[in-house]
Amino acid sequence: MCIHDKLNEILNAIPGHVKLVAVSKTKPAEDILAVYREGHKIFGENKAQELIQKQPSLPDDIQWHFIGHLQRNKVKYLVPFVKLIHGVDSYRLLREINKEAAKADRVIDCLLQFHIASEETKFGLDYHEAEEILESEDFKTFQNVRVCGVMGMATFTEDEIKIRREFKNLKQIFDKLKKSYFPSHEYFREISAGMSNDYPIAIEEGSTIIRVGSLIFGERNYG
Ligand SMILES: *Cc1c(COP(=O)(O)O)cnc(C)c1O
């Protein structure tokens, strides 16, 4: 199947309110352009270095989402152009984004990443840590970040019941945060969940942003 068909198969299968982030990590600019020429403008990368290298040579109206673990010393390079940072997993990272965004005179949309999988290796907050961030005095002074919702990655498994349970957990976290901290904040509405192998389940469980790579671009080669 060509990129046109793969992209459209996904776009046709997802509800209108769900955004598709085409995850282009490890893929060359020409692959990204092939998807871009289909009219798709939202792309995701998980390595700051790689994104910084690719971005200048690609069209300006691409909305770049940063979906990986972000080191604080890389924030300043992304802040001039990034559209949404999915993986905010510490207070210090959020503070750094706010500081650099202020210098760039921008307000950066962010998602809090939660640890919902059973694997040790996946980054993310637990509910208590998120509460600490949102209740801190400093957070209330942050003018240059906007927390728009949550992000999570399910365990990599074939066990659909387990995956569904983890996505349900993320939705419950979202609902609790919404009620406690963002009741009248229209912008707090995003749940970034679901990848090539599990996005249909994620959407059934409330995802509003799916991050799909290999299903669009083909398997990745990590040479
Ligand atoms: C790589 C990656 C994806 C996409 O994975 P696929 O299985 O290729 O769809 C989604 N989210 C994050 C955080 C990733 O690192």
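What you see is a predicted model; the values in this text were computed from it and never measured. Read the numbers this way: they start at 1 and go in the same order the structure lists the ligands and their atoms. What's counted below: heavy atoms across the whole structure, side chains too, no hydrogens, waters or symmetry copies.
Arg189 and Thr208 are not linked by any side-chain donor-acceptor pair at a separation below 3.5 angstrom, with hydrogens and angles left out of the test. Donor-acceptor pairing under 3.5 Å is lacking for the side chains of Ser24 and Lys54.
Each of the atoms 4 (C), 9 (O), 10 (C), 11 (N), 12 (C), 13 (C) of ligand 1 lies under 4.0 Å from some heavy atom of Arg211. Interface atoms of ligand 1 facing Gly213, defined by a heavy-atom separation under 4.0 Å, are 4 (C), 6 (P), 8 (O), 9 (O). Within ligand 1, counting atoms from 1 as listed, the ones closer than 4.0 Å to a heavy atom of Asn46 are 15 (O). Short contacts between ligand 1 and Val212, defined as distances under 4.0 Å to a heavy atom of the residue, involve ligand atoms 9 (O).
Ring centers of His185 and Phe182: under 6.0 Å apart, within the cut-off. For Phe174 and Phe188, the ring centers sit closer than 6.0 Å to each other.
Taking a 4.0 Å cut-off on heavy atoms, Arg220 registers as neighbouring ligand 1. Not a single heavy atom of Leu215 sits closer than 4.0 Å to an atom of ligand 1.
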Derivation and outcome, side chain to side chain contact (heavy atoms under 4.5 Å, CB included), residues Leu78 and Ile108: CA-CA 10 Å; Leu78 300 187; Ile108 308 274; over 6 Å; no

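Smallest separation of non-hydrogen atoms from Ile191 and Ser207: O-OG, 3.3 Å.
Not one N or O of Asn197 is nearer than 3.5 Å to an N or O of ligand 1, by distance alone.
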